[in-house]
Amino acid sequence: MAAAERHNASDAPVHHSLKYSLLGPSLTKAGQDSVDQSKVSEIIYNASKGSKFFNNEETRDKSLTDKISKILARKRQLERLDVSSDLRRADDYVAELELGRDLSQVIVHMDCDAFYAAVEELDRPELKDVPMAVGKGVLTTCNYHARKFGCRSGMAGFVAMKLCPQLICLPLNFEKYSAKAQEIRAILAEYDPRYESASVDEAYLNLTQYCEEHRLTPEEAVRQMRAEVHEKTKVTVSAGIAANAKLAKIASNQNKPNGQFRIASDRQTIMDFMKTLPCRKVNGIGRVFERELDAVGIKTCGDIYAHRAYLSQLFGQKAFQFLMQCYLGLGRTNIQPAEDYERKSVGTESTFREMSSPTELREKLRHIADELEGDLKRTGFKGRTLCIKIKLHTYEVYTRQMTPPFAIHLADDLYKYGLPMLEKLMKEIPSMKLRLMGLRVTHIVSLKKPEIDFFGRQRLASSNKLSTSSKLSSNDGWEVWPEAEFEEAARQERDEEMNELEKLSQEHEEQKDFTITERAPDEEPAPDQEPEKWPCPICTLPQPPDDKSFNSHIDFCLSRQTIKEAIKSTTPAPPLPTEKPQAATSSKPAPARRKRGRPKSGASTTDNGREKRRAFFTGGT
DNA sequence: GCCACCCGA
DNA sequence: GTTATCGGGTGGC
């Protein structure tokens with residue numbers, strides 16, 4: 001007994017960061033201000049101790065500690081070096097950002113309070129007065145009674161039960177939640193028809209126009225909107241009002257639940273607000289990045305400035321830019337429907353009881369392939385690259401990818417190309433026991449005929465809003481090109497891609513090892529073909545799309561180039577990620593074992609109620 | 001330019 | 001007894 005206690009006492013301080021990490025990713029969420037975190041932490045720690053999950057967390061914690069000591073060593077090194085050029089670059093960047101600061105928009109982030117739990121409470125009002133959570137295994141959310149006990153979203157169910165034995169856990173009912181979400185969205189649309197849903201229960205709105213037209217202050221408009229939502233749907237929402245999305249998001253957490261908060265749109269107010277704001281409050285800074293920043297002496301966004309000369313070298317260019325924008329309180333002001341964002345991948349994965357038998361694992365893969373086929377059918381995509389993911393019983397994760405000779409979407413193909421990767425992993429990791437398997441396709445190709453624009457994004461059903469709204473970014477270049485011409489060009493490009501794909505597929509069926517035809521420049525054109533120089537020097541299409549002549553194809557390509565250039569040159573600041581062409585070979589041998597990458601990214605939205613995401617590290621101001 | 005891995009929501 | 005899905009960044013090669 002005494003020995004055990006002594007042991008506890010001695011290893012507790014060592015595990016300080018681990019305990020903090022075990023508190024979970026949603027530590028900054030509302031409702032736990034009055035909670036004794038150290039007590040909660042002890043309970044979680046003791047409930048988890050010794051489990052495989054815990055051991056994995058411990059490993060991760062150690063390697064993060066190692067990584068941090070490297071960062072610190074690098075920092076000490078930099079402090080002895082001449083960083084004046086980095087300092088100047090940082091100051092130039094600040095000046096540039098400051099020039100682009102836009103305080104003219106009224107951006108609102110609205111967030112439903114404990115949404116899933118709130119919806120369940122509507123059906124069963126008696127649950128309002130007791131601690132209750134939604135989600136089995138892992139809590140998806142919980143009501144404010146439960147939060148008083150330290151329960152939080154993302155927490156393991158059994159841990160939550162340790163914290164609060166009387167906790168009632170309900171199963172998820174997504175249909176119910178999306179139905180309610182639709183009711184709410186209908187109201188949001190009255191305030192901003194181009195509102196952007198960030199997830200089922202969150203949305204961004206630009207109320208600039210609404211406030212002007214109705215002669216309302218932002219506070220009044222938001223109060224009215226929240227009241228209307230509450231009245232019509234019986235759900236309470238919190239909201240943040242500010243000059244940009246990043247600030248609005250932070251503000252919406254300020255007076256939760258059922259409250260609102262405005263950060264006034266003047267520079268000094270914003271700077272003062274950021275000065276004392278803990279970094280972790282910013283969307284995109286999670287547990288890991290928080291620890292890294294803390295280690296170099298950055299706890300609040302205000303602290304960032306003093307370290308500006310080192311950030312790029314310590315955390316990378318993107319993180320540097322992101323952090324400087326945090327310091328200045330800058331964020332994006334363009335709010336747009338989630339459908340305007342381009343999906344990049346479709347995948348599925350599932351956790352199961354540990355298994356190691358090759359036969360069972362193959363069956364599992366087949367099942368996942370079936371699932372993915374269903375998802376691809378529903379969403380209307382094929383994928384050029386197939387990725388497999390496995391999680392061992394130790395929680396170690398491995399991924400492998402390969403590129404089939406043509407874009408795939410059928411379960412048979414998903415399985416056929418996935419299996420070799422799985423088999424190879426089984427060889428590399430003797431007697432491996434798995435707890436999760438997943439498949440995902442990337443470099444996806446849309447099979448949907450309708451409305452795909454040059455960038456692969458879906459266009460709006462009703463495009464009139466775009467051209468008529470004067471306030472809304474007239475600088476994005478859309479208006480430059482007549483609608484009809486645009487549509488036609490988009491249609492052509494679609495058709496060409498389809499043709500190319502079909503060709504590739506057929507080609508494959510005929511000859512096993514297909515390679516992109518790369519003809520030597522001096523080679524003779526095939527006899528009965530028109531004078532041409534395939535592959536196309538502009539779009540690299542290997543051969544004539546359908547019955548198009550080379551010249552007409554070139555015309556099309558050239559016009560498309562100029563359109564793209566026009567759009568690019570009229571598009572404002574943020575350096576968009578460069579377009580990445582695709583093509584790949586099969587998977588490589590596995591060096592394996594842990595490494596650490598850099599953080600960055602986030603935000604999720606839904607198309608039909610499902611997930612999607614977007615970047616803020618790249619997001620402009 | 002691809003791949004594997006990691007982070008965050 | 002610790003999820004599922006997606007986007008993005010980094011570093012190695």
Side-chain angles (χ1 to χ4, degrees), chain A residues 22 24-26 28-29 44 47-48 50-54 56-57 60 63-64 67 135-140 153-162 172 174 198-199 202 249 280 282-292 315-319 321-322 341-354 371-372 375 385 387-389 391 395-403 435-436 438-440 442-444 577-578 580-607 610-619:
Chain A
L22 286 170
S26 61
T28 58
K29 288 279 171 76
I44 298 176
S48 307
S51 69
K52 288 171 182 170
F53 173 82
F54 178 92
N56 183 251
E57 289 299 301
R60 293 168 61 92
S63 66
L64 178 55
K67 185 183 169 194
K136 294 256 154 90
V138 167
L139 308 192
T140 303
S153 63
M155 180 176 278
F158 78 94
V159 173
M161 294 303 284
K162 282 245 160 54
L172 286 158
F174 282 114
S199 71
E202 272 175 70
K249 167 87 180 166
R280 180 67 182 273
V282 179
N283 229 345
I285 300 180
R287 279 179 289 182
V288 172
F289 202 15
E290 179 190 37
R291 249 193 87 187
E292 293 173 5
F315 303 110
Q317 181 67 11
K318 295 288 181 188
Q321 293 180 348
F322 177 72
Y341 292 101
E342 169 197 13
R343 184 194 263 268
K344 300 278 174 57
S345 73
V346 181
T348 182
E349 65 187 55
S350 71
T351 297
F352 39 78
R353 63 173 172 78
E354 284 176 17
E371 291 284 310
L372 183 52
D375 288 348
T385 303
C387 314
I388 190 173
K389 167 178 168 180
K391 194 190 280 178
Y395 287 86
E396 275 176 296
V397 174
Y398 293 87
T399 63
R400 292 292 183 270
Q401 62 172 321
M402 62 88 59
T403 306
R435 73 185 326 273
L436 172 145
L439 283 176
R440 169 170 305 275
T442 61
H443 300 152
I444 58 178
T578 55
K580 2 178 182 188
Q582 324 304 2
T585 56
S586 61
S587 63
K588 289 210 167 179
R593 290 306 142 181
R594 303 196 162 279
K595 262 182 263 172
R596 285 291 125 123
R598 191 126 320 291
K600 269 91 276 201
S601 76
S604 66
T605 63
T606 59
D607 45 10
R610 264 13 178 101
E611 293 290 320
K612 245 182 145 192
R613 336 193 93 269
R614 235 207 12 272
F616 28 56
F617 258 63
T618 50

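In the text below, chain A, chain B and the rest are named by the order of the sequence lines, each starting its count at 1.
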Indicate yes or no: does Glu349(A) engage Lys389(A) in a salt bridge with an N to O separation below 4.0 Å.
yes
How many whole angstroms separate atom [atom1] of [X] from atom [atom2] of [N]?
X         : N      : atom1 : atom2 : value
Phe174(A) : dT5(C) : CZ    : P     : 10 Å
Ile285(A) : dG8(C) : CD1   : C1'   : 15 Å
Glu292(A) : dC7(B) : CD    : P     : 8 Å
Arg353(A) : dT2(C) : CZ    : P     : 15 Å
Phe289(A) : dG9(C) : CZ    : C1'   : 11 Å
Asp375(A) : dA4(C) : CG    : P     : 13 Å
Phe352(A) : dG1(C) : CZ    : P     : 18 Å
Met155(A) : dT3(C) : CE    : P     : 14 Å

Nearest-neighbour nucleotide for the [X] side chain, [options] considered:
X         : options                 : value
Val288(A) : dT3(C), dG8(B), dT10(C) : dG8(B)
Ala156(A) : dG7(C), dT2(C), dT10(C) : dT2(C)
Lys162(A) : dA4(C), dG1(C), dT10(C) : dG1(C)
Arg343(A) : dT2(C), dA4(C), dG7(C)  : dG7(C)

Give Gly137(A) one of three labels, base, sugar-phosphate or nothing, depending on what nucleic acid heavy atoms sit under 4.0 Å from its own.
nothing
Look at all strands and tell whether Ser48(A) reaches a base, only sugar-phosphate, or nothing, counting heavy atoms closer than 4.0 Å.
base
Taking side-chain contact (heavy atoms from CB on, under 4.5 Å) as the definition, give me every residue that meets it alongside Arg287(A), ordered by chain and number, with sequence neighbours left out.
Ser21(A), Pro25(A), Arg280(A)
Partner residues of Thr348(A) under the side-chain contact (heavy atoms from CB on, under 4.5 Å) criterion, sequence neighbours left out
Ile368(A), Glu371(A), Leu372(A), Asp375(A)
Hey, does the side chain of [X] come within less than 4.0 Å of [N]'s phosphate (OP1/OP2), counting only N and O?
X         : N      : value
Thr348(A) : dT5(C) : yes
Arg440(A) : dG7(C) : no
Arg280(A) : dG8(B) : no
Tyr398(A) : dA4(B) : no
Thr399(A) : dA4(B) : no
Ser345(A) : dG7(C) : yes
Lys344(A) : dG8(C) : yes
Thr140(A) : dT3(C) : no

Under a plain distance cut-off of 3.5 Å, with no hydrogens placed, do Arg440(A) and Ser345(A) share a side-chain donor-acceptor pair?
yes
Is a side-chain N or O of Ser48(A) found less than 3.5 angstrom from the main chain of Phe54(A), in a donor-acceptor match?
no
Upstream residue (5' side of DNA chain C) when Glu349(A) and Arg435(A) are each assigned their closest nucleotide
Arg435(A)
Before we go on, tell me: are the rings of Phe315(A) and Phe322(A) under 6.0 Å apart, centre to centre?
no
